[in-house]
Amino acid sequence: MKIKYQARFLLAMLLLASSAAFAQFNLVPLPQQIVLGEGSFLIKPQTKIFYEKGLKQQAELLVSALSPATGFDFVLLESNTTPVNGITLRTGNSGAEHKESYKLTVNKDLISIVGNHSAGVFYGIQTLLQMLPPEVYHKERQKAVKWEVKAAVITDAPLYPWRGMMLDVARYFFSKEYVLRFIDMMAMYKMNALHFHLTDDSGWRIEIKKYPKLTTVGGFSGVGPDRKGGYYTQEDLKEIVAYGLARNVDIIPELELPAHAQAAVAAYPYLCCTGEQYDVPGQHFISKELLCAGKESTYEFIDNIIKETVALFPSKYLHIGGDEAVYTRWKACPICQKKKAELGLKTEEQLRLHFNRRVQKIAGKYGKTIVGWDEIIEDGLEDKAVGMIWHEPKKAFKAAESGHYSVMSLTGYCYFDVAESAIPGEIKAAGWLPPISLEKVYQLNPMLEGMDEKYRPLILGASATLWADQFIHGTILQEIPMINENRSEKYFDYLTFPRMSALAEVLWTPLARQNWKDFENRMRSQYSRYDAAGIGYRMPVPKLISQEKTAAGYVIKLENLVDGAEIRYTTDGSLPNVYSPVYTKAVAVKELTDFYAITVLNRSQFSLPFYFPGKHEQFKKYGELLAEWNPQNVKGKEFGLLEMNAGGKISGNGAYALHFWYTAGDSRLEIQSIAVYKNGVKITEDVHDGFSGTEANNNKYSFKIDNYETGAVFTIKAKVRGDVNDSTNGVVMVKKI
């Protein structure tokens with residue numbers, strides 16, 4: 001018993017010491033192991049950087065990271081021996097078998113980074129940068145900063161080999177410069193797979209020399225001042241690939257087949273079933289124009305574009321899309337139907353399987369493993385493939401049982417084109433899903449509950465998506481070329497961070513060390529690193545610690561989640577600004593709804609408001625809260641439009657009911673009609689006189705959705721007024737019936 005007690009005590013002490021070591025560093029993602037040392041290493045103008053033969057590129061990347069902010073001109077020296085002073089980069093046994101593993105040792109005389117491979121050395125450098133003051137990420141010299149690194153030994157390796165982000169440049173063209181910056185953003189947090197969505201209905205972005213119209217025609221939509229688009233030349237793509245390889249980011253190209261292909265069809269009409277001329281659409285929708293599955297010329301085309309694509313992208317993977325095919329054209333196409341009969345196929349789904357198998361054979365000829373959305377796994381491919389599981393987690397089980405790999409891109413965790421919150425004023429984003437918070441991303445576990453442990457090697461990791469169709473739903477988010485505002489890039493930065501940091505930790509850090517509260521604490525210092533690196537991000541709102549009921553009302557206690565920021569608040573129900581009182585201690589209010597607070601870093605960077613939403617429990621049986629009205633958005637005497645974002649509320653085809661419920665004010669709400677819009681186009685309406693009384697039959701409006709599309713933006717506009725004046729408040733509830 002005494003021996004067991006001593007063993008448990010020793011283990012407890014080791015864990016306590018380990019936790020203390022981790023607490024010294026706010027590293028994201030958290031490494032496998034940190035052992036604290038004594039003292040620190042000071043980077044000075046005289047500090048030399050030594051590198052082993054074969055690691056010159058990594059040494060140059062380290063210099064390019066350190067020199068701008070420090071102002072030091074570092075001397076680079078190739079050396080296969082360990083120096084007694086300086087920073088040294090070597091390959092060797094880092095303590096783990098993975099090629100991305102590394103061991104970072106810091107003492108007062110030496111910083112040593114040893115990687116099993118150059119990739120591990122690169123990640124050791126990224127950890128070293130996070131151990132330095134945040135100012136190290138600046139591109140201009142930062143004076144009076146002490147470039148000190150605490151002594152420690154860090155042993156590290158990733159949990160999953162596929163740590164990905166998808167960048168959609170097909171729906172909206174992003175410049176080469178932004179793609180390079182996006183790679184930097186990924187590499188900073190040890191993300192290593194860029195899924196490059198290069199083709200879709202709305203644009204073809206990869207130059208194929210055999211088919212020049214794919215870019216000259218398929219790369220652009222609209223005419224005159226409305227013309228927009230662009231593409232990457234093969235030289236651009238070579239530069240992007242080389243840039244990614246140097247930073248251990250594998251660029252995986254996607255050629256969307258057989259659906260999402262209208263840009264290709266617009267360039268070469270013979271590719272589709274009708275042979276008719278179509279335009280590249282200027283608005284997002286899922287085209288019914290598919291590549292014709294019955295023509296041999298289709299497969300010749302696919303072979304040729306894959307041949308040129310794989311010559312540009314050394315990745316072992318080729319993404320073929322494979323989702324959301326509408327079979328109207330195939331059903332009416334005599335060539336497709338003849339092919340079906342020849343093959344003894346009964347359905348268009350089986351024809352798609354035949355199509356995907358043909359594409360897989362072509363890709364295999366060039367040494368590529370195909371990746372596709374989980375529909376390709378559902379089809380039942382014979383050769384090994386990678387399924388990106390986006391909407392049905394159970395398909396990962398089917399993939400594993402069939403010997404296929406899976407990458408989790410689950411909509412509820414990984415669709416970063418969805419807003420992070422439902423706070424009023426949140427960025428306009430994809431609305432067909434509920435918000436995905438930072439904490440929700442952190443809850444992702446790619447190894448699904450109930451999956452047999454033997455399938456773990458087949459779960460490669462996860463990948464978040466940044467779909468760009470929001471930019472072609474209207475004009476709100478589009479660029480203004482005359483002033484080069486780059487709103488699209490800032491928008492994507494905002495959607496990416498801090499959620500990519502959470503995903504990075506989920507995919508890198510050992511599961512036993514993943515802890516939300518600890519991650520939230522470590523993130524406090526990461527926002528200043530985003531700032532220094534010039535990365536846009538979403539500022540977190542103040543965190544509620546407690547709301548204590550008192551005889552006079554409530555006492556509210558908050559916590560600031562951003563180092564260097566402060567909380568500012570109001571107690572009169574108005575929105576705070578950067579000049580509002582500074583929160584220094586718990587605040588007393590009469591009503592919770594009187595209190596608002598924001599996180600303020602400076603006069604141009606502050607968060608959305610923290611607030612207490614009104615309680616509408618009595619209306620829950622009528623569905624979810626769609627919107628609220630108040631004197632600010634309702635006119636008295638004259639009818640006006642109450643516009644409501646139905647994001648996440650319209651979730652599929654079927655019948656829906658709206659109810660308008662009065663909650664406060666001098667007036668009830670009079671209603672003339674409601675109209676439902678999809679991507680800005682009215683699709684249905686319900687016109688009759690109603691009012692927000694106490695009877696459901698007086699305030700109910702109904703509609704039906706028949707052509708639901710994932711990614712579509714649904715908006716509901718109601719024609720309303722206050723029957724006496726505009727002093728009216730209430731809620732609109734929506735329910736699928």
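Note that the coordinates shown come from a computational prediction; the quantities given were computed from them, not determined experimentally.
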Which atoms form the tightest heavy-atom contact between [X] and [Y], and what is the distance?
| X | Y | answer |
| --- | --- | --- |
| Ala246 | Gln58 | O-NE2, 4.3 Å |
| Gly164 | Leu503 | O-CD2, 3.8 Å |
| Leu159 | Val506 | CD2-O, 3.8 Å |
| Val121 | Arg90 | CG2-O, 3.4 Å |
| Asn521 | Asn26 | O-OD1, 4.5 Å |
| Arg205 | Phe173 | CD-CD1, 3.7 Å |

Under 3.5 Å, is there a donor-acceptor pair between the [X] and [Y] side chains?
| X | Y | answer |
| --- | --- | --- |
| Ser315 | Asp250 | yes |
| Tyr160 | Asn192 | no |
| Thr127 | Lys190 | yes |
| Ser40 | Glu148 | yes |

Quiz item: Between His195 and Trp373, how do the two ring planes meet: parallel, tilted or perpendicular, split at 30° and 60°?
Solution: tilted

Practice problem: Using side-chain hydrogen bond (donor to acceptor under 3.5 Å, both in side chains) as the criterion, point out the one residue from Tyr527, Tyr442, Tyr530 that pairs with Ser501. | Solution: Tyr530

Has the side chain of [X] got a donor or acceptor atom that lies under 3.5 Å from a matching backbone atom of [Y]?
| X | Y | value |
| --- | --- | --- |
| Arg141 | Ala69 | no |
| Asp168 | Arg171 | yes |
| Asp184 | Arg181 | no |
| Thr199 | Trp204 | no |
| Ser67 | Phe72 | yes |
| Glu256 | Glu254 | no |
| Ser409 | Ser463 | yes |
| Asn85 | Asp109 | yes |
| Ser528 | Ser525 | yes |

Exercise. For Tyr172 and Phe174, run ring-ring contact (aromatic ring centres under 6.0 Å, His included): C-alpha distance rounded to whole Å, both residues' side-chain angles, the deciding distance at 0.1 Å, then the answer.
Key: CA-CA 6 Å; Tyr172 188 87; Phe174 287 87; 5.4 Å; yes

Decide yes or no for [X] and [Y]: does some side-chain heavy atom of the first lie under 4.5 Å from some side-chain heavy atom of the second?
| X | Y | answer |
| --- | --- | --- |
| Leu410 | Ile389 | yes |
| Met131 | Phe25 | yes |
| Glu401 | Tyr455 | yes |
| Ile43 | Leu132 | yes |
| Phe519 | Val28 | yes |

Practice problem: Report, as yes or no, whether the 6.0 Å neighbourhood of atom OH on Tyr232 holds more than 12 heavy atoms from other residues, nucleotides or ligands. | Solution: yes

Quiz item: Counting only heavy atoms not in Lys365, do more than 12 sit closer than 6.0 Å to its NZ atom?
Solution: yes

[X] bridged to [Y] by N-O distance under 4.0 Å:
| X | Y | value |
| --- | --- | --- |
| Glu308 | Lys209 | no |
| Glu420 | Arg538 | yes |
| Asp303 | Lys307 | no |
| Lys517 | Glu520 | no |
| Arg357 | Asp383 | no |

Exercise. Give the C-alpha distance, both sets of side-chain angles, the deciding distance and a yes or no for side-chain hydrogen bond (donor to acceptor under 3.5 Å, both in side chains) between Tyr299 and Asn304.
Key: CA-CA 9 Å; Tyr299 303 102; Asn304 288 330; over 6 Å; no

Rounded distance (nearest 0.5 Å) linking atom [atom1] of [X] with atom [atom2] of [Y]:
| X | Y | atom1 | atom2 | result |
| --- | --- | --- | --- | --- |
| Gln514 | Leu444 | CD | CG | 9.0 Å |
| Asn80 | Tyr51 | CG | OH | 10.5 Å |
| Lys44 | Gln46 | NZ | CD | 6.0 Å |
| Asp531 | Gln526 | CG | CD | 12.0 Å |
| Ile125 | Leu89 | CD1 | CG | 5.0 Å |
| Trp162 | Ile252 | CH2 | CD1 | 3.5 Å |

Quiz item: With sequence neighbours excluded, what pairs up with Ala399 under the side-chain contact (heavy atoms from CB on, under 4.5 Å) test?
Solution: Ile377, His404, Ser406

Quiz prompt | By side-chain contact (heavy atoms from CB on, under 4.5 Å) - contacts of Ala363 (at least two apart) | solution = Leu318, Lys368, Ile370

Exercise. Dump the intermediate steps for ring-ring contact (aromatic ring centres under 6.0 Å, His included) on Trp508 and Tyr123, then the final yes or no.
Key: CA-CA 11 Å; Trp508 182 279; Tyr123 288 142; 5.4 Å; yes

Quiz item: Is the NZ or CZ atom of Lys48 both under 6.0 Å from the centre of the six-membered ring of Phe74 and within 45° of that ring's axis?
Solution: no

Quiz item: Does Arg499 make a cation-pi contact with Phe416, if we ask for NZ or CZ under 6.0 Å from the ring centre and within 45° of the axis?
Solution: yes

Practice problem: Only pairs at least two apart or in different chains count here, so list each salt bridge (charged side-chain N to carboxylate O under 4.0 Å, His left out) that has a residue in residues 153-163. | Solution: Glu100-Arg163

